[in-house]
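Encoded as structure tokens, the structure appears first; notes follow it.
Lettering follows sequence order; numbering is per chain, from 1.
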2 protein chains.
Amino acid sequence: MRNHSVTYSPFQTQDATFQAVADPTRRAVLDLLRRGSQPAGAIAQAFPVSRPAISRHLRLLRRAHLVREHREGRHRVYDLNPEPLRAVDSWLEQYRSFWTMSLNNLKSFVESEYAKETAQHSAGKLTRKPSKGDR
Amino acid sequence: MRNHSVTYSPFQTQDATFQAVADPTRRAVLDLLRRGSQPAGAIAQAFPVSRPAISRHLRLLRRAHLVREHREGRHRVYDLNPEPLRAVDSWLEQYRSFWTMSLNNLKSFVESEYAKETAQHSAGKLTRKPSKGDR
DNA sequence: ATAATGTGTAACCATACAGTTACGTGACAG
DNA sequence: CTGTCACGTAACTGTATGGTTACACATTAT
């Protein structure tokens with residue numbers, strides 16, 4: 001658990017990465033660090049939330065190995081480590097082929113599903129709008 | 001205090017997608033649907049949690065527009081809609097350049113940062129090793 | 001009509017999490 | 001030594017979330 005060497009086990013890491021990236025503030029922190037390393041205080045000033053809140057976001061990002069921290073005097077400088085994002089990328093990789101399917105294919109697919117559905121209720125009993133549980 | 005410097009992109013869909021995908025069970029549901037549409041019951045059987053739990057995951061995925069549902073008799077067939085994942089992909093896009101930087105580039109980059117740092121205080125009081133403040 | 005099937009929802013519980021304020025601590029300045 | 005700065009952390013709060021069981025409802029089967 002306390003292992004902070006280079007070998008992260010891929011399973012735990014993927015979960016941690018997805019979870020870390022799920023929060024919009026943390027994504028924004030990463031986006032900020034993409035422009036260069038910054039001390040914690042400077043990062044916090046960029047956000048409308050309190051400094052301790054950012055500190056905790058940073059801790060989570062640290063544990064997900066998405067940022068690294070080192071001390072410079074009394075500053076704690078954070079820099080980006082995008083490596084774990086590869087896990088997200090590789091997961092996404094499997095879906096890229098789907099959305100490179102042309103929109104026409106997708107459209108005709110949806111329409112055929114719709115036709116299948118409407119074909120079922122010529123008596124008009126099943127005439128519910130499909131987006132009912134959508135809210 | 002409440003300085004709002006960084007442009008928060010309040011892209012609703014992006015947030016919803018990231019959040020939906022944050023949960024490993026929901027990712028697994030998507031992975032399952034990648035092989036083809038399935039009714040809710042069949043999806044639930046593939047997981048160790050109860051059927052209502054899956055039903056709620058499906059609702060969340062529905063609201064994130066990552067799956068679509070249509071009725072077939074008394075079945076509710078779910079099929080994958082990977083479109084929203086493009087938002088994740090495009091966010092990730094900005095980071096790809098980082099990990100395609102060779103390790104040598106990264107190393108030299110880090111070292112130049114280090115040099116910049118040490119240049120600031122010729123007294124050399126702050127020579128801390130990085131990667132210590134992990135957890 | 002009645003039963004069985006497939007599924008979503010409600011109610012409830014435990015836990016996680018984001019945010020806050022208050023405080024502790026190491027590093028520098030005087 | 002003392003104060004101040006830059007942090008992290010503790011304690012607390014409200015809310016979201018994931019899980020469970022019990023139930024409602026529509027669709028087929030008998």
Taking only nitrogen or oxygen atoms into account, show me every contact under 3.5 Å that the protein makes with nucleotides 1-5 of chain D, one pair per line with its distance.
none

Rounded to whole Å, the CG-C1' distance (D15(B) to dA18(C)) equals 14 Å
Rounded to whole Å, the CD-P distance (Q38(A) to dC7(D)) equals 10 Å
Separation of dA27(C) atom P from E72(A) atom CD, nearest Å, is 14 Å
* Are V29(B) and Y78(B) side-chain neighbours, meaning at least one heavy-atom pair lies under 4.5 Å? -> no
note: L58(A), atom CG; dT9(D), atom P; distance rounded to Å ~ 11 Å
Contacts satisfying salt bridge (charged side-chain N to carboxylate O under 4.0 Å, His left out) that involve residues 33-48 of chain B (not counting sequence neighbours) are D31(B)-R34(B)
Residue set satisfying side-chain contact (heavy atoms from CB on, under 4.5 Å) with A87(B), at least two apart, ordered chain then number -> Q14(B)
Taken in chain and number order and not counting sequence neighbours, the residues that satisfy side-chain hydrogen bond (donor to acceptor under 3.5 Å, both in side chains) with D79(A) are R68(A)
Residues passing the side-chain hydrogen bond (donor to acceptor under 3.5 Å, both in side chains) test with H57(A), sequence neighbours excluded, are R26(A)
In whole angstroms, the gap separating C1' of dC7(D) from CZ of R71(A) amounts to 9 Å
Hits for side-chain hydrogen bond (donor to acceptor under 3.5 Å, both in side chains) against Q19(A), two or more places apart or cross-chain, chain-then-number order -> none
Taken to the nearest whole Å, CZ/R76(B) to P/dT28(D) is 12 Å
Crowded around Q45(B) CD? As in, over 12 foreign heavy atoms under 6.0 Å? no
Whole-Å distance, R59(B) CZ to dT7(C) C1', equals 12 Å
Between protein and nucleotides 18-22 of chain D, what N or O pairs are separated by less than 3.5 Å?
{"unit_1": "dG18(D)", "atom_1": "OP1", "unit_2": "R26(B)", "atom_2": "NH1", "d": "3.2"}
{"unit_1": "dG18(D)", "atom_1": "OP1", "unit_2": "R26(B)", "atom_2": "NH2", "d": "2.9"}
{"unit_1": "dG18(D)", "atom_1": "OP2", "unit_2": "R26(B)", "atom_2": "NH1", "d": "3.2"}
{"unit_1": "dG18(D)", "atom_1": "N7", "unit_2": "R56(B)", "atom_2": "NH2", "d": "3.1"}
{"unit_1": "dG19(D)", "atom_1": "OP2", "unit_2": "H57(B)", "atom_2": "NE2", "d": "2.6"}
{"unit_1": "dG19(D)", "atom_1": "N7", "unit_2": "R56(B)", "atom_2": "NH1", "d": "3.3"}
{"unit_1": "dG19(D)", "atom_1": "O6", "unit_2": "R56(B)", "atom_2": "NH1", "d": "2.7"}
{"unit_1": "dT20(D)", "atom_1": "OP2", "unit_2": "S50(B)", "atom_2": "N", "d": "2.7"}
{"unit_1": "dT20(D)", "atom_1": "OP2", "unit_2": "S50(B)", "atom_2": "OG", "d": "2.5"}

Across all chains, not counting sequence neighbours, the side-chain hydrogen bond (donor to acceptor under 3.5 Å, both in side chains) partners of R76(B) are E69(B)
- Task: Determine the contact category for Y78(A): base if any of its heavy atoms lies under 4.0 Å from a base atom, sugar-phosphate if only primed atoms, P, OP1 or OP2 are that close, otherwise nothing.
- Result: sugar-phosphate
Quick note, ring-ring contact (aromatic ring centres under 6.0 Å, His included) partners involving residues 18-45 of chain B, not counting sequence neighbours, are F18(B)-W91(B)
R63(B) atom CZ is separated from dG8(C) atom P, nearest whole Å, by 12 Å
